[in-house]
Engineer: 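Below is one structure. I have some questions about it.
Lettering of chains follows the sequences in order, A, B, ..., and the numbering in each one begins at 1. Because the structure is predicted, anything quoted here is derived from the model rather than measured. Computation of the quantities below employed the complete heavy-atom set of this structure, encompassing side-chain atoms and omitting hydrogens, waters and symmetry-equivalent molecules.
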Amino acid sequence: MSLLPSINRFIRHIQRFKGWFGGAAALCLITGMYLGLITSPPDYYQGEIVRIMYVHVPLAHTALFGYTVLFVGSLWYLWKRDPLIDNMCHAAAGMSAAFTAVALVTGSIWAKPTWNTWWTWDPKLVSFAVLLMILAGYLMLRTMVEDPEQEGRYAAVLAIVGGLDLPIIYFAAEWWRTLHQPLSISLRGVSISGDILLPLSIMSIGFTLLFTYMLMIRTQMLYLVNLFDAKKGRLLSQVHLSKVGQ
Amino acid sequence: MTFLKVIQWVVWKDLITEIRSRETLSSMLFFAMIVILVFSFSFSMDQDAVRELIAGIIWVAFAFTGIIGLGKSFTVELHNDCLEYLQLSPAPKGAIYLGKMTANLLFMLTVEILLFPLFVLFFNLDVVEEIGLLLLIFFLATLGLSAVGTLFSALTVQIRAREVMLPVLLLPLAVPVMIAAVEATRGALNGAPLSLYSQWLELLIIFNVIFTVASFWLFELILDS
Amino acid sequence: MITIQSVQLSKSYGFYKIFEDLSFSIPAGECFALFGPNGAGKTTLLQVLATLTRPTSGRFEILGYDGITEKPAIRNSVMVLAHGSYLYDDLNAVENIQFASALRGKSPTFQEITRALDFVNIGAFRDLKIRFFSAGMKKRLGLAKVFLIQPKVLFLDEPYNALDDAGVGITNDLIRDLLKKGGTAFMTTHDRIKATQVASQTGILRQGTLHPFNLESQTTNDLS
């Protein structure tokens with residue numbers, strides 16, 4: 001119980017600095033874009049097309065980072081039952097879903113010229129598609145429960161089961177692919193030089209900061225919506241209770 | 001001791017109710033037969049195509065019939081508020097989960113064992129040598145479906161749109177089970193050596209261990225606040 | 001000795017406050033009857049105290065056990081007779097009692113079950129599926145469970161609904177017997193006359209707060 005107010009205060013405290021996160025994210029993303037799109041060399045095989053990687057790979061990493069936040073947050077919520085943590089999980093899930101969706105689309109755009117297909121049953125693609133379905137189910141589940149306490153509890157259970165499942169899904173898809181598809185043209189195995197690595201990591205940091213920035217805004221938003229509902233409820237229930245008595 | 005007794009009584013209750021009403025099994029069987037018929041009409045398959053596709057067809061049929069059974073597993077508890085009694089009883093919730101899961105496993109396996117001869121008959125399968133192995137695969141994969149499915153059946157029964165939400169939540173999570181079950185079944189049906197697909201059985205065992213334990217603990221949070 | 005102790009208990013569903021800051025205590029050996037108009041939150045209060053629903057804020061203790069952290073201990077000594085009969089349609093009376101007792105870690109003999117069914121006068125129907133039971137018979141079967149399990153605390157939600165006069169008599173006999181053994185009962189009801197036969201404490205839940213309620217001096221108007 002003693003940890004709860006301090007964590008709550010920590011979240012409130014850090015919220016005040018969210019502008020710094022946004023600024024740092026913008027700085028990283030602009031630098032990363034410049035390095036990735038202009039100064040880094042085109043790929044020997046893929047030419048200029050490879051530059052979409054600087055968006056696609058960091059997006060995918062950030063989506064997984066988002067699920068990690070969701071997973072840890074869900075365990076935490078079940079332990080402490082703090083509605084603010086529940087709001088954070090809700091926010092993390094929604095944004096993780098958005099990042100996953102964009103990562104899938106950019107991956108698809110990248111796959112067309114390089115693999116000559118919009119979609120291939122690559123284990124990473126399969127895992128991300130399943131991840132998107134789990135997150136969509138999660139967000140859908142949240143709209144299907146009346147009681148906010150029950151909603152948070154059920155959503156947390158789903159997030160935990162999904163989090164345990166994701167590595168297994170990845171391994172299953174990986175084994176499945178080695179059975180059915182000879183390795184298609186892939187970046188794996190190509191040694192990654194510093195020219196690529198630097199903009200890639202700067203973009204990854206930038207997207208993670210952007211995610212954190214958006215997470216803070218969204219958490220605050222959901223928290224305020226709940227607060228508004230509670231205030232509205234206090235007014236409404238006064239009306240409601242006075243009517244019941246008649 | 002009470003723990004085992006509770007599991008035993010929950011299984012007994014589900015079985016005896018089912019034997020008397022025959023609601024779940026008959027709807028599962030009927031649905032599965034329609035699935036088989038639809039599949040045999042939709043693909044006009046030669047023997048080679050059957051070898052390639054039959055494992056997938058079998059598991060699509062099993063998974064969807066399984067979902068019907070799993071969905072019914074907790075809707076029967078809504079009548080007369082029996083779910084409330086399960087929640088209010090001092091019995092360990094984990095024991096109730098294991099009982100429900102065992103009953104679901106038994107229902108699903110029963111349907112699978114009744115249906116499999118139909119597949120053999122309609123699609124001209126040769127199963128005599130591998131039948132023991134096939135039953136093992138059925139058991140392991142169905143256990144996986146039932147382990148996660150029972151948890152989500154208890155969850156979705158308490159929310160809106162429960163018939164839709166059970167497959168929406170369950171199927172993505174069951175992807176590893178489905179891949180492993182299809183691959184292992186295909187291997188066994190094609191008479192491939194066990195070493196080529198034993199990794200899928202290992203995957204099923206790992207999945208089952210992880211999700212039986214996880215659901216065992218999480219079930220309390222579903223049934224109880 | 002205090003059996004049920006509630007401290008600033010509140011419950012809201014979403015933005016509807018059902019009740020707020022309820023503090024009261026019920027000593028052992030007493031029966032508390034809760035009145036109140038429809039929609040006042042009587043059943044919700046009973047569900048919170050019976051550990052079925054988590055309170056939004058506040059805390060409560062039953063038999064000294066905390067209502068949120070020590071639920072299993074509370075559930076061991078508490079029984080609830082609610083609107084739902086908690087019976088399975090395809091099991092007969094005896095099987096239903098066996099199952100319900102098994103979940104409470106008890107295994108009564110066939111003779112004990114028969115005695116309980118005879119006590120509530122439905123011994124003749126002991127092999128009949130619940131599907132064919134009337135509402136009153138289901139209520140009596142619930143009373144038989146109480147007779148058999150002998151809980152320390154009993155929660156009753158509208159216990160007199162659907163019961164005939166003899167059934168009401170059995171209910172009140174059971175409650176009196178429970179109180180004599182030092183047990184405690186908590187009921188919600190609209191039936192003042194039947195409730196006064198057993199209730200020693202009464203209250204009325206209205207506009208989210210609990211008012212003391214004197215059975216003798218108030219008129220029927222105050223109830224609704």
Engineer: With a strict 4.5 Å heavy-atom criterion, list every residue of residues 73-86 of chain B that contacts chain C, or say none.
Structural biologist: B/Glu77, B/His79, B/Asn80, B/Asp81, B/Cys82, B/Glu84, B/Tyr85, B/Leu86

Engineer: May I ask you to check whether over 12 heavy atoms, not counting those of B/Phe216, lie within 6.0 Å of atom CZ?
Structural biologist: yes

Engineer: Could you list which of residues 82-89 of chain C have a heavy atom closer than 4.5 Å to any heavy atom of chain B, in residue-number order?
Structural biologist: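 Those residues of residues 82-89 of chain C which have a heavy atom under 4.5 Å from chain B are C/Ala82, C/Gly84, C/Ser85, C/Tyr86, C/Leu87, C/Tyr88, C/Asp89.
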
Engineer: Are there over 12 heavy-atom neighbours, none belonging to C/Lys152, within less than 6.0 Å of that residue's NZ?
Structural biologist: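 12 or below, so no.
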
Engineer: Would you say that B/Glu18 contacts C/Asp90 through its side chain, given a criterion of any heavy-atom pair below 4.5 Å between the two side chains?
Structural biologist: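 No. Closest side-chain heavy atoms not under 4.5 Å.
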
Engineer: Considering all heavy atoms of both residues, which atom of B/Val6 and which atom of C/Leu103 are nearest to each other, and what is their separation?
Structural biologist: CG1-CD2, 3.6 Å

Engineer: Could you check whether any side-chain heavy atom of C/Arg75 comes within less than 4.5 Å of a side-chain heavy atom of B/Ser89, counting everything from C-beta outward?
Structural biologist: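 With C-beta onward as the side chain, the pair stays apart.
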
Engineer: Heavy atom to heavy atom, less than 4.5 Å: which residues from residues 92-100 of chain C reach chain B?
Structural biologist: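 C/Asn92, C/Glu95, C/Gln98, C/Phe99, C/Ala100 fall under the 4.5 Å cut-off.
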
Engineer: Write out, in numerical order, the residues from residues 54-72 of chain C with a heavy atom short of 4.5 Å from a heavy atom in chain B.
Structural biologist: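 Expected list: C/Arg54, C/Lys71, C/Pro72.
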
Engineer: How many angstroms lie between atom CG of C/Leu91 and atom CD1 of B/Ile16, to the nearest 0.5 angstrom?
Structural biologist: 7.5 Å

